[in-house]
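See below for the structure under consideration.
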Amino acid sequence: MSKTVRHATKSEPRRASTGAPGNGLADETLITHLGRDPLANFGVVNPPVYHASTILHPTTEAFKSSYQRRFEKGVVNYGRMGTPTSYALEDAVAQLEGGYGGVSVSSGLAAITTAILAFVQAGDHLLMTDSAYMPSQNFCRGMLAKLGVETTYYAPRATADELRPLIRENTRVLFTESPGSITFEMQDIPALSAAAKAVNPDIVVMTDNTWGTPLFYKALAHGVDVSIHAGTKYIGGHSDVMIGVITSTEQHYETVRQSAAALGIASGPDDIYLALRGLRTMAVRLRRHQESGLSLARWLETRPEVTRVLHPALPSDPGHAIWRRDYTGACGLFGIELVPAPEHAVAEMVDNLALFGIGASWGGYESLAMPIEARKLRREAVPWEGAGPLVRFHAGLEDPDDLIADLEAGLERFNRARKAA
Ligand SMILES: *Cc1c(COP(=O)(O)O)cnc(C)c1O
């Protein structure tokens, strides 16, 4: 085992591990062993945390040579460009997902902007799903527009035939997010990717795979070239770190790395360590998030106040067939649409939940509830079809029966406030 996932030693700068992802081992085995080499580190189980800016070289020749190879995987030339600590996390995430390599940056949003900026220039065109994480959309509306890159928003559930007419000669990037992390539409990424690449094989297909995680959605095996993770969420898993990881094919790896280097947005060593530590337990945590999320979702489906549950792992969800075909699991994040009601009725429910925090950054061990103002969803390609208020939930690691009891009391408050209105 330690041979197949061998990592950096002092004497031998770590190079690409290009073996087939997994080497036939199950993900839960890999997640335990990737990104560490105890016997190269006095037997210490976890990899050391290298705090580094300056990297010293024995000769000017060695300095020159490492500089020339600075974008290659495993080369340690300057603190910001990659250390054994960052390579350990990057390789672990990339191998789990089936990518050639990873690049870690200072947040999930930095991963999105770094990935996009790696491939576009003035005059280019980008296709963005209308369901994407709002800061991704805002980046296109603001910064990319300012730099002369035009964005077209497409309907999240667009078929290949519907996407094709939107592809232009100058389209460089097809950006996907499945399911959308607010509205939970599943996208048929393999079909969209095939359609884009049939028009122009150079179009780079990206996905924000934060919901899918490197465990439940092997993006690179589904037509994606560059996959983005807000490691802030399930990889970190404890609401105490901000980090992003971009995994990619061998063809795209150095371009992504150069973009991160040009932007200067390396992640700090202690944050990388927290992410690597979180990764070890991600598989068991996710199993529980999935089970609890589904328990809550199924219970909410039976409630008269809930008009629909937005959760692709439920058979009633319009994206269920795609989820079943391409995903091996679901995380704990899903949404509901309530019967039409005034805003304060939703606040009555959410504000007084005992176990659900009100907050945005999901993926930690705690449960969350967040009202979504449906009318503020900026639907460029297709209008949002729901009439009632939306609430997004993250099922944490609490006992699911306690969570359901909390929600039940919340829905009673919602009913009282709604009827009094
Ligand atoms: C949270 C999130 C991000 C951004 O991650 P940060 O680390 O908070 O910058 C990106 N995409 C999705 C889907 C997210 O939920």
Side-chain angles (χ1 to χ4, degrees), residues 22 26-32 93 96-98 108 177-187 189 207-219 221-222 227 229-239 275 278-302 306 308-336 355-357 359-370 391-407:
D27 280 353
E28 297 203 353
T29 307
L30 287 169
I31 209 168
T32 312
V93 173
L96 266 181
E97 195 177 9
E177 180 179 318
S178 180
S181 55
I182 298 275
T183 41
F184 299 97
E185 299 91 341
M186 290 298 295
Q187 297 195 265
I189 295 176
T207 201
D208 182 335
N209 195 19
T210 303
W211 190 95
T213 81
L215 283 176
F216 289 160
Y217 188 54
K218 308 295 182 186
H222 288 92
S227 175
H229 299 276
T232 307
K233 310 288 165 59
Y234 286 113
I235 294 177
H238 294 73
S239 309
L279 189 71
R280 302 296 173 207
T281 56
M282 188 172 72
V284 283
R285 284 187 285 109
L286 270 174
R287 218 182 304 145
R288 176 60 178 260
H289 287 294
Q290 166 167 250
E291 279 170 20
S292 292
L294 275 166
S295 299
L296 269 53
R298 288 195 193 103
W299 180 82
L300 285 161
E301 254 192 330
T302 68
V306 177
R308 57 181 167 153
V309 178
L310 314 171
H311 193 317
L314 291 180
S316 59
D317 191 274
H320 185 66
I322 296 171
W323 177 81
R324 269 187 57 167
R325 185 191 67 193
D326 293 345
Y327 288 62
T328 57
C331 72
L333 192 79
F334 67 97
I336 58 168
L355 302 176
F356 291 77
S361 188
W362 43 282
Y365 53 82
E366 82 286 20
S367 289
L368 300 173
M370 188 172 80
V391 181
R392 189 179 76 174
F393 290 108
H394 178 248
L397 302 180
E398 301 92 340
D399 182 283
D401 291 337
D402 287 342
L403 295 175
I404 287 174
D406 201 18
L407 289 178

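Residues Thr232 and Thr210 have side chains not in contact (no heavy-atom distance under 4.5 Å, counting atoms from C-beta outward). Between Leu215 and Met282, the closest side-chain pair of non-hydrogen atoms falls below 4.5 Å. Looking only at side-chain heavy atoms (C-beta outward), His229 and Pro214 come within less than 4.5 Å of each other. Counting only heavy atoms from C-beta outward, the side chains of Arg288 and Val284 never approach each other to under 4.5 Å. With a 4.5 Å cut-off on side-chain heavy atoms, His320 and His311 do not count as touching. With a 4.5 Å cut-off on side-chain heavy atoms, Thr281 and Arg285 count as touching. For the pair Met370 and His394, the minimum side-chain heavy-atom distance is 4.5 Å or more. Under the 4.5 Å side-chain criterion, counting only non-hydrogen atoms from C-beta, Asp317 is in contact with Pro312.
Between the side chains of Glu177 and Thr207, no donor-acceptor pair is found at a separation under 3.5 Å.
Taken to the nearest 0.5 Å, the CG atom of Asn209 stands 5.0 Å off from the CD atom of Glu97. To the nearest 0.5 Å, atom CG of residue Leu368 and atom OG of residue Ser239 are 7.0 Å apart. Atom-to-atom distance recorded for Leu333:CG and Arg392:CZ is 5.0 Å, nearest 0.5 angstrom. Rounded to the nearest 0.5 angstrom, Leu296 CG and Ile336 CD1 are separated by 10.0 Å. Residue Ser178 holds its OG atom at 12.0 Å from CH2 of Trp323, rounded to the nearest 0.5 Å. From Leu286, atom CG reaches atom CD of Glu291 across 11.5 Å, with rounding to the nearest 0.5 Å.
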Next on the checklist: Using the rule given for side chain to side chain contact (heavy atoms under 4.5 Å, CB included), can you reason through Tyr217 versus Trp211, listing the C-alpha separation, both sets of side-chain angles and the distance that settles it, and then say yes or no?
Outcome noted: CA-CA 9 Å; Tyr217 188 54; Trp211 190 95; over 6 Å; no

Item to check | Check against side chain to side chain contact (heavy atoms under 4.5 Å, CB included), Val93 and Ile235 | outcome: CA-CA 9 Å; Val93 173; Ile235 294 177; 4.2 Å; yes

Checklist entry - Hey, mind stepping through Phe216 and Tyr327 against ring pair (Phe, Tyr, Trp, His ring centres under 6.0 Å) and telling me if it holds? => result CA-CA 5 Å; Phe216 289 160; Tyr327 288 62; 8.6 Å; no

Next on the checklist: side chain to side chain contact (heavy atoms under 4.5 Å, CB included) for Leu314 and Leu294? Distances and angles first, verdict last.
Outcome noted: CA-CA 8 Å; Leu314 291 180; Leu294 275 166; 3.9 Å; yes

Checklist entry - Can you check side chain to side chain contact (heavy atoms under 4.5 Å, CB included) on Arg280 and Ile31, steps first, answer last? => result CA-CA 6 Å; Arg280 302 296 173 207; Ile31 209 168; 5.8 Å; no

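Ser367 places no side-chain N or O within 3.5 Å of a backbone atom of Phe356 that could act as its donor or acceptor partner. Within the 3.5 Å criterion, the main-chain N or O of Pro179 finds no donor-acceptor partner in the side chain of Glu185. Without hydrogens or angle criteria, His289 side chain to Ala395 main chain gives a donor-acceptor distance under 3.5 Å.
Taking the six-membered ring where the residue is Trp, Trp362 and Tyr234 present perpendicular rings, their angle passing 60° and hence far from 30°. Ring orientation note: the planes of Phe393 and Phe334 are tilted relative to one another, at an angle of 30° to 60°.
Other residues, nucleotides and ligands contribute over 12 non-hydrogen atoms within 6.0 Å of the CZ atom of Arg325.
Between Lys218 and Asp27, at least one side-chain N (NZ, or NE/NH1/NH2) sits under 4.0 Å from a carboxylate O, which counts as a salt bridge. A salt bridge links Glu28 with Arg287: the closest approach of a Lys/Arg side-chain nitrogen to an acidic carboxylate oxygen falls below 4.0 angstrom.
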